[in-house]
Amino acid sequence: MPELDRQERRAIEKLLPFHDSGTLDAEETARVERALEADAELREELAFLHDLRTGVHAATEVPSAGDLGWARLQSSIRRERRKELVSRAWRPALALAAGLALVVQGMTIFRLNEQNASLAGGPPTAELQITFAPDAREVEIRALLQEVGATIVDGPGPSGVYRLDIEPDPAGDAQWQALIGRLEGNPELVEHVARERGE
Amino acid sequence: MSTADEERELIARIATRDERALEELYRRFEPRIMAFAHRRLNDPAGAADTLNEVMLEVWKSAERFEGRSSVATWILSITRHRVIDRLRARGGRVFEEIDEGEEDAGAIDAEAALAGASDAGAVRDCIEELPDAQREAVHLAFFEDMAYADIASIMECPEGTVKTRVYHAKRALKDCLANAEISHA
């Protein structure tokens with residue numbers, strides 16, 4: 001077997017610790033084994049590395065956190081879970097806040113409409129009833145209502161129902177159904193929508 | 001089922017908030033996290049704090065574990081980051097620039113070094129003298145018996161750098177152990 005050149009010898013030396021731990025791939029292992037066969041000094045080096053590994057294991061201090069450590073982790077996890085619960089509990093509150101913003105805006109619009117109606121000679125007629133998803137955002141609701149030409153004229157009622165006026169009025173049942181379909185096509189915003197009775 | 005597969009399954013169960021799976025993973029990794037943290041911090045209380053932080057992080061982010069590395073590599077990587085945070089908080093240096101040139105040291109008494117390698121006290125003292133990056137690489141290569149690719153992933157450096165660090169650490173240890181053996185004789 002030919003003697004290893006300096007560069008190859010260095011490369012093999014760098015692989016030896018990982019050969020000793022059995023973590024090289026098949027190709028690298030074969031390369032190292034060929035070199036070991038040819039070079040007695042590399043075999044000595046491998047013996048040293050093997051003893052060094054045993055020495056490192058013996059010399060490594062492993063302080064134990066033991067059962068107290070596990071109890072501490074459980075306590076940290078309980079705190080974490082409480083935080084998660086609080087965070088989840090806040091979500092409806094935030095949705096409620098968004099809803100309240102919508103109510104305020106709705107009331108403002110309602111008052112404006114009342115003023116407009118009084119100028120025009122009568123209140124707008126509610127044509128649709130709608131309930132919104134609890135976590136729907138005001139900005140998204142507003143965009144949807146504007147898209148279909150809807151104005152909130154009343155609500156929310158005790159069960160969260162808002163009443164909408166549509167301008168211009170859809171002509172005929174087919175157009176009404178199409179409009180309802182557009183609203184229902186946003187289930188992340190709209191929970192339920194129906195025409196007012198008598199419409 | 002292999003150990004690696006078992007550990008992946010534990011992580012999957014932890015992602016579903018299974019505390020028993022967390023306890024099993026804790027029992028498996030406690031000594032490894034403590035040993036790794038203590039090697040860098042040299043402080044059992046700091047190592048225990050690190051253990052708690054690492055396992056809490058595992059609990060919180062188990063669902064984001066993608067399995068691209070082994071669980072051990074992932075956990076020891078988190079451990080390393082937490083140790084670095086702790087070292088930074090202490091205001092001390094985190095990394096030490098080391099000369100990783102290719103120069104060979106002079107001749108070393110191989111027989112004395114071999115004898116020194118079986119003296120746990122001498123090995124411990126010599127490891128303490130290594131620069132941080134080499135000490136970390138030696139721990140992962142010789143105590144954790146990890147592949148250089150995994151060590152590179154944990155230490156966030158190229159694989160060649162890992163091999164070079166271990167090579168230089170080995171030379172330094174050999175030199176130190178040869179002299180330690182002479183002083184113990």
Side-chain angles (χ1 to χ4, degrees), chain A residues 6-7 9-26 28-29 32 40-81 83-85 87-88, chain B residues 17 19 22-23 26-27 30-35 37-39 42 44-45 47-48 51-53 55-56 59-60 102 104 110 113-127 138-139 141-151 160 162-164 166-167 169-171 173-174 177:
Chain A
R6 191 169 178 270
Q7 203 177 353
R9 196 170 194 292
R10 174 69 59 87
I12 296 295
E13 268 198 75
K14 286 182 176 181
L15 290 175
L16 275 183
F18 304 101
H19 178 71
D20 184 53
S21 63
T23 56
L24 294 181
D25 65 27
E28 288 171 323
T29 301
V32 170
E41 274 184 31
L42 281 178
R43 292 195 292 275
E44 273 177 26
E45 194 65 26
L46 182 63
F48 169 73
L49 287 167
H50 192 74
D51 281 8
L52 180 62
R53 187 175 305 279
T54 309
V56 168
H57 275 267
T60 300
E61 228 181 299
V62 187
S64 172
D67 289 336
L68 200 63
W70 169 241
R72 182 182 175 192
L73 180 61
Q74 281 181 302
S75 160
S76 298
I77 285 166
R78 273 194 291 275
R79 267 199 305 277
E80 194 58 34
R81 283 193 141 165
K83 271 199 272 176
E84 280 174 15
L85 285 173
S87 160
R88 271 193 215 134
Chain B
R17 295 294 181 252
E19 278 195 38
L22 184 74
E23 183 174 7
Y26 174 90
R27 302 285 176 210
E30 184 216 333
R32 298 172 71 175
I33 296 170
M34 288 293 280
H38 187 253
R39 176 82 75 199
N42 203 18
L51 168 70
N52 194 63
E53 288 167 7
M55 292 308 294
L56 189 60
W59 172 260
K60 289 198 286 190
E102 294 289 313
D104 274 330
L114 200 59
S118 27
D119 179 339
V123 172
R124 187 164 36 245
D125 291 347
C126 290
I127 289 175
V138 162
H139 181 89
F142 289 87
F143 182 75
E144 285 289 342
D145 300 332
M146 287 185 133
Y148 59 75
D150 291 332
I151 299 174
V162 170
K163 286 190 266 185
T164 302
V166 172
Y167 172 81
K170 182 260 300 178
R171 299 250 352 149
L173 287 172
K174 201 172 185 183
L177 289 168

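Order of the sequence lines fixes the chain letters, A, B, ..., with proteins taken first and strands second; residue numbering starts at 1 for each chain. Computed from a predicted structure; not experimentally measured.
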Engaged part of [X] at the chain A interface, taking heavy atoms whose separation is under 4.5 Å:
X: B:F143; result: both
X: B:R27; result: side chain
X: B:E53; result: neither
X: B:L22; result: both
X: B:L56; result: both
X: B:E30; result: side chain

Task: Short side-chain to backbone donor-acceptor contact, B:R39 and A:E61, under 3.5 Å - done: no
Open item on the list: Tell me if a side-chain donor or acceptor on B:H139 pairs with a main-chain N or O of A:V56 at a distance below 3.5 Å.
Closed with: no
TODO: Decide side chain to side chain contact (heavy atoms under 4.5 Å, CB included) for A:T60 and B:E144; before the verdict, give the C-alpha distance in whole Å, the side-chain angles of both, and the deciding distance to 0.1 Å.
DONE: CA-CA 11 Å; A:T60 300; B:E144 285 289 342; over 6 Å; no
Check whether any side-chain heavy atom of [X] lies under 4.5 Å from a side-chain heavy atom of [Y], and answer yes or no.
X: A:W70; Y: B:M55; result: no
X: B:K163; Y: A:L15; result: yes
X: A:R81; Y: B:W59; result: yes
X: A:K14; Y: B:T164; result: yes

What's the shortest heavy-atom distance between [X] and [Y], and which atoms?
X: B:N52; Y: A:S76; value: ND2-OG, 3.0 Å
X: B:A141; Y: A:R53; value: O-NH1, 2.7 Å
X: B:Y26; Y: A:A65; value: OH-CB, 3.8 Å
X: B:A120; Y: A:A59; value: O-CB, 3.3 Å

Say you draw a straight line from [atom1] of [X] to [atom2] of [Y]; how long is it, rounded to the nearest 0.5 Å?
X: A:R72; Y: B:L51; atom1: CZ; atom2: CG; answer: 8.0 Å
X: A:I77; Y: B:E19; atom1: CD1; atom2: CD; answer: 5.5 Å
X: A:L49; Y: B:L173; atom1: CG; atom2: CG; answer: 10.0 Å
X: B:D150; Y: A:T23; atom1: CG; atom2: OG1; answer: 8.5 Å

TODO: Below 4.5 Å from any heavy atom of chain B, which atoms of A:E28 appear? Answer side chain, backbone, both or neither.
DONE: side chain
TODO: Measure A:L16 against the heavy atoms of chain B and call it side chain, backbone, both or neither at under 4.5 Å.
DONE: neither
Task: Top of B:V138, B:D145, B:I33 for chain A proximity - count of heavy-atom pairs under 4.5 angstrom - done: B:D145
Task: Parallel, tilted or perpendicular: rings of B:Y148 and A:F18 (30°, 60°) - done: perpendicular
Task: Salt bridge A:E45-B:K174, side-chain N to carboxylate O under 4.0 Å - done: yes
Open item on the list: Take a 6.0 Å sphere around NE2 of A:H57 and say whether it holds more than 12 heavy atoms from other residues, nucleotides or ligands.
Closed with: yes
